[in-house]
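One-based numbering, in listed order, for ligands and for the atoms of each. Counting from 1, the numbers follow the sequence of the chain as shown.
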Amino acid sequence: MENMDPITGKVVAITGASSGIGEATARLLAARGARVVLGARRSDRLERIAAELPPDQVRTVATDVTRAEDLLRLVAVAVDEFGRLDVLVSNAGVGSIGALADGDVASWSAMIDVNLRGVLHGIAAAQPVFRRQGSGHFVTTVSTAGLKILPQMGVYAGTKNAVRTVIEALRQESTDGVIRTTSVSPGFVRTEFDGTVTDPVLRNQIRTNMDTFGLAPDAVARAIAFAIEQPDGVEIGDLTIRPTVQN
Ligand code: NJP
């Protein structure tokens, strides 16, 4: 149909859809006619968001990305309910930020499980579906923390840059035109992300930055939509979206 929004009708599964960037992305894509499958652990939040979207365009799936089987279920719900999966937005992430001297091995491991293993679980779950369909798009939220390395953010940035590396390999393994990949690097965005920072001083600093100059989550959602709305043959590989005043 002429003039139809290229996002209309797409089936998009989103992890970390219960707040922040994931929620904003779900709302924006649904408003543009996409069918969205929302994944996160907080089902109550997912249900509240879903209740505000057209019922025929939304499904929710309780999803812990550290569990490979949960990603399989998220993808299966998209295929069972909407007939296919066009895009997986792997957006769930935590920020256990702190000095390496803290030696907080438990928090590092938990963060690796979400930020890196969680993305791998999504690739493993969605890639067979994308290949069967002959098309599919992985959009992954990484971070400007991986572009400009800062103290206290080493392990967090490490998880995000590990993901960036995996996505680049996936891109090179997929130059047959079936799979598109996009890495999205946000700077400070006003979300609940500070909630996962354990160190109270760092948490306050990050909250202050977010509240002072952080972007609205919708700014990142619009960048994600830009990558998704491109024709199949056009891959937007990397997008960096930061507040103009962020150093
Ligand atoms: O933060 P927040 P953002 N399984 O806390 C989910 C990156 N980023 O929107 O499970 C499944 O509002 C959690 O859901 P729930 C950041 O690294 C941000 O800012 O219900 N989901 C929630 O929906 C992350 O990758 C900034 O608790 C899990 C979501 O993740 C992405 O942006 C800067 C989960 C987090 O939403 C979205 O974060 C930057 C699990 N095990 C990168 N654990 C920034 N905000 O400034 C967590 O460079 N979630």
Side-chain angles (χ1 to χ4, degrees), residues 13-28 36-50 60-71 73-74 88-97 107 109-122 125 139-150 152-153 155-164 167 183-198 202-203 205-221 223-224 238-243 246:
I14 305 168
T15 69
S18 58
S19 59
I21 294 167
E23 175 181 353
T25 302
R27 289 182 186 279
L28 176 67
V36 293
V37 185
L38 312 182
R41 293 165 305 173
R42 290 172 294 176
S43 299
D44 54 329
R45 297 279 291 256
L46 295 181
E47 294 308 331
R48 235 178 296 154
I49 296 163
T60 62
V61 183
T63 308
D64 181 340
V65 298
T66 66
R67 296 159 51 93
E69 61 271 29
D70 284 14
L71 267 301
R73 208 153 62 87
L74 185 74
L88 175 63
V89 181
S90 289
N91 164 77
V94 295
S96 306
I97 286 157
S107 293
S109 298
M111 180 163 60
I112 290 164
D113 281 348
V114 177
N115 293 9
L116 176 56
R117 287 206 175 90
V119 174
L120 295 175
H121 294 156
V139 176
T140 307
T141 310
V142 287
S143 178
T144 55
L147 300 175
K148 179 179 176 186
I149 307 300
L150 297 168
Q152 275 106 31
M153 296 237 190
V155 184
Y156 174 68
T159 63
K160 294 298 188 177
N161 282 351
V163 167
R164 212 186 290 278
I167 297 298
S183 294
V184 178
S185 300
F188 281 102
V189 185
R190 286 193 312 275
T191 67
E192 299 173 17
F193 186 64
D194 58 309
T196 55
V197 180
T198 39
L202 287 171
R203 188 169 59 237
Q205 269 171 18
I206 287 173
R207 189 69 249 169
T208 303
N209 286 345
M210 281 177 174
D211 291 340
T212 315
F213 61 81
L215 296 171
D218 186 60
V220 184
I224 292 172
D238 293 278
L239 282 164
T240 302
I241 309 102
R242 48 163 96 76
Q246 181 175 326

[X] N/O under 3.5 Å from ligand 1 N/O:
X: Thr66; answer: no
X: Val65; answer: yes
X: Val189; answer: yes
X: Pro186; answer: yes

Inset, instruction - Say whether Ser18 and Arg42, considering side chains only, have a donor N or O and an acceptor N or O under 3.5 Å apart. - result: yes

Inset, instruction - Please report the shortest heavy-atom distance between Val142 and Arg164, naming the atom on each side. - result: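 Where Val142 meets Arg164 most closely, the heavy atoms are CG2-NH1, 3.6 Å.
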
Inset, instruction - Search all heavy atoms of Leu38 against all heavy atoms of Leu46 and return the closest pair with its distance. - result: O-CD1, 3.6 Å

Starting from [atom], what is the nearest protein heavy atom, named by residue and atom, and what distance separates them?
atom: atom 27 (O) of ligand 1; answer: Arg41 NH2, 2.9 Å
atom: atom 3 (P) of ligand 1; answer: Thr191 OG1, 3.4 Å
atom: atom 36 (O) of ligand 1; answer: Ser19 OG, 3.3 Å
atom: atom 14 (O) of ligand 1; answer: Ser18 OG, 2.9 Å
atom: atom 17 (O) of ligand 1; answer: Tyr156 OH, 2.7 Å

Legend entry - Side-chain donor/acceptor of Thr60 to backbone N/O of Glu47, under 3.5 Å: no

Legend entry - Donor-acceptor under 3.5 Å (Asn91 side chain, Gly16 main chain): yes

Go through ligand 1 atom by atom and flag the ones less than 4.0 Å from a non-hydrogen atom of [X].
X: Gly20; result: 9 (O), 12 (O)
X: Val114; result: 41 (N), 43 (N)
X: Thr144; result: 48 (O)
X: Thr141; result: 7 (C), 31 (C), 32 (O)
X: Phe188; result: 46 (O)
X: Asn91; result: 24 (C), 25 (O), 31 (C), 37 (C)
X: Val142; result: 42 (C)
X: Thr63; result: 4 (N), 11 (C)

Inset, instruction - List for me each residue that meets salt bridge (Lys or Arg N to Asp or Glu O under 4.0 Å) alongside Asp218, sequence neighbours excluded, and say none if there are none. - result: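 Per chain and number, Asp218 pairs via salt bridge (Lys or Arg N to Asp or Glu O under 4.0 Å) with Arg222.
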
Inset, instruction - Run down the list Thr159, Val94, Ile21 and name the one with the heavy atom closest to atom 18 (C) of ligand 1. - result: Ile21

Legend entry - Proximal candidate to atom 33 (C) of ligand 1 [heavy atom criterion; set Gly187, Pro243, Ser143]: Gly187

Inset, instruction - Please work out whether any backbone atom (N, CA, C, O) or any side-chain heavy atom from C-beta onward of Thr15 is under 4.0 Å from ligand 1, and answer side chain, backbone, both or neither. - result: neither

Legend entry - Proximity of Glu23 to ligand 1 by residue part, where a heavy atom lies under 4.0 Å: neither

Inset, instruction - Take the angle between the ring planes of Phe188 and Phe213 and call it parallel below 30°, perpendicular above 60°, tilted in between. - result: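 Rings of Phe188 and Phe213: perpendicular, over 60°.
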
